[in-house]
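Have a look at the structure below, then the notes.
Throughout, a chain's letter reflects where its sequence line sits, starting with A, and its residues are numbered from 1.
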Amino acid sequence: MDIEARIRRRRQRGTDQTLVLDYDLLNPAVHVPEPVGRGPVVERLLDHLNPVFDGSLPPDGYVWGPPGSGKSAVVSAVFSHLETPAMQPRTAIQTTTRAQSVELPRSVYVNGREVDSEFQLYRQILSDMTGGDGPSRGVSTDTVTARLQSLLSDRPGAVIAVDHADALEQSPTDIHAALATLDDAIAIVFIGQTPPSDVDGAPDLAEIEIPGYGQQVLIDVLMTRGSSGLADDVLTYDQARQIASRAGGNAHDALAALFGATVLAEDNGRETLRSADIEAGIEAVPKGGTSLGTVLALAPNRRRVLRAFLELDDTYLSSVSETTEAIADSTRVDLSTGTIRRFLYELADADIFHRVTAERTSGSGRPPSRLEPRFPTIAFRKLYDLGAD
DNA sequence: ACCTGGTCCCGGGCTCGGTTTT
DNA sequence: AAAACCGAGCCCGGGACCAGGT
């Protein structure tokens, strides 16, 4: 384990907490370098990327599958390995029959959830290729694409993974149009949940479909992550099976449930997981809900609103207006009621809340609705509190 | 008719990066 | 070299307007 990870553990671990060793290993939004049980999928992705190892670019591709099937896990793992220095010597060795050493295409991984404008998409690619520095704003979108263009003009190009493509405003076709000037210099691998036939531009791409996890593999995922992230023997096989059986092949939901269960046990000062913890952990992850990654990628003020929401007493949850007022009173947020209200409606629109229309008993006007969270609540609360804001 | 909840949109002002002026 | 200026994207505030009820 690297030193950074050791320091992180120490900062996260309370003085007397012996249950959880490393929250990152339980966090479904954090991907591990070696995903469990996805070997065949990794192979198919490597097959697709094969031209990269000869210094040329593969065709554009579309990786798709249901939520929590390991798409991000596999793609981010493979792409991070492409960038390691170990990849480079091989080209030097193979140069005997070639004129000169072959420079491999760069690989770039962009998370569509963290990108909500065209500007940010290109900026993200640019800053990835230049090692972190790039304008955050203050320049035009055209300037950013122009810089990308000049950066790629004298290189073997780049292969770009655009993860969570469903979250982007632009379809693959739009992105191609916008990047048309550097069409020969880049290959894009889109990743999404929507079947290719329903995505504009996707049917023309090489397709890699990822199925959901099987029950047994999901148990393996839980046991592997649990054994490294938790103290010894905390998670039993039966408990892992209990979680897996309710997760419907969704590794995100399963890990979020385990995360929630351990937080509950820890908060109560226990050193083992009880059946009730497991059950409550599962309950705190809505079926077919929104992923932790999406919620954590929200702008800071929206996360604050969500955090404030999670500590409201039930009496303030009967209507959006009541909830708005209560959040406005919270010390966590410093926003006008109008803005909080707008945020809440926007979050409901983004499926982060579900709006339930109340069966009004009296009064006039349109009946109010109350908000129910559609994201893993316990896990979000803990991760928010661990973060610095 | 009237009321309250919900949707939509846009202008102001902020921050950041680049450019021109001092 | 420093300072002043400018223009870009983005967040917040808020208002106009629509929807759904008595």
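The nearest whole Å value for the distance from the CD atom in Glu114(A) to the C1' atom in dC10(C) is 17 Å. Taking atom CZ of residue Arg366(A) and atom C1' of nucleotide dT7(B), one finds them 9 Å apart after rounding to whole Å. In this structure, Arg123(A) places its CZ atom 14 Å from C1' of dT15(B), rounding to the nearest Å. When rounded to the nearest whole Å, the span between CD of Glu169(A) and C1' of dC10(C) equals 14 Å. In this structure, Ile340(A) atom CD1 and dG6(B) atom C1' are separated by 17 Å, rounded to whole Å. Regarding Arg370(A), its CZ atom lies at a distance of 19 Å from the C1' atom of dT4(B), rounded to whole Å. The separation between Phe353(A) atom CZ and dG6(B) atom C1' is 16 Å, rounded to whole Å.
By the salt bridge (charged side-chain N to carboxylate O under 4.0 Å, His left out) test, Arg270(A) pairs with Asp277(A), sequence neighbours left out. In this view, Ala328(A) and Thr337(A), Ile340(A) satisfy the side chain to side chain contact (heavy atoms under 4.5 Å, CB included) rule, not counting sequence neighbours. Qualifying side chain to side chain donor-acceptor pair (under 3.5 Å) partners for Thr377(A), counting only residues two or more places apart in sequence or in other chains: none. Here Ser369(A) pairs with Arg355(A) under the side chain to side chain donor-acceptor pair (under 3.5 Å) rule; sequence neighbours left out. For Leu57(A), the side chain to side chain contact (heavy atoms under 4.5 Å, CB included) test picks out Pro105(A), Ala187(A), with sequence neighbours left out. Residues passing the side chain to side chain contact (heavy atoms under 4.5 Å, CB included) test with Val36(A) are Asp220(A), Val221(A), Thr224(A), sequence neighbours excluded.
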In B/S/- notation, 5' to 3', how is nucleotides 3-9 of chain C contacted by protein heavy atoms closer than 4.0 Å?
----BBB
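Between Asp349(A) and Ser321(A), the residue whose closest nucleotide on DNA chain B is further toward the 5' end is Ser321(A).
Taking the ring centroids of Phe353(A) and Tyr345(A), they lie at or beyond the 6.0 Å cut-off.
Among pairs with a residue in residues 166-223 of chain A, none fulfils ring-ring contact (aromatic ring centres under 6.0 Å, His included), at least two apart in sequence or across chains.
To the nearest 0.5 Å, atoms CD (Gln216(A)) and CZ (Arg241(A)) are separated by 9.0 Å.
If you check every strand for non-hydrogen atoms under 4.0 Å, Ser369(A) touches sugar and phosphate atoms only.
Distance from the side chain of Val320(A) is smallest for dG6(B) among the nucleotides dG6(B), dG18(B), dG21(C).
Residues from residues 341-348 of chain A that place a heavy atom under 4.0 Å from any atom of DNA chain C, listed by number: Arg342(A), Phe343(A).
Phosphate proximity of dG13(C) to Thr339(A): present, with a side-chain N or O under 4.0 Å from OP1 or OP2.
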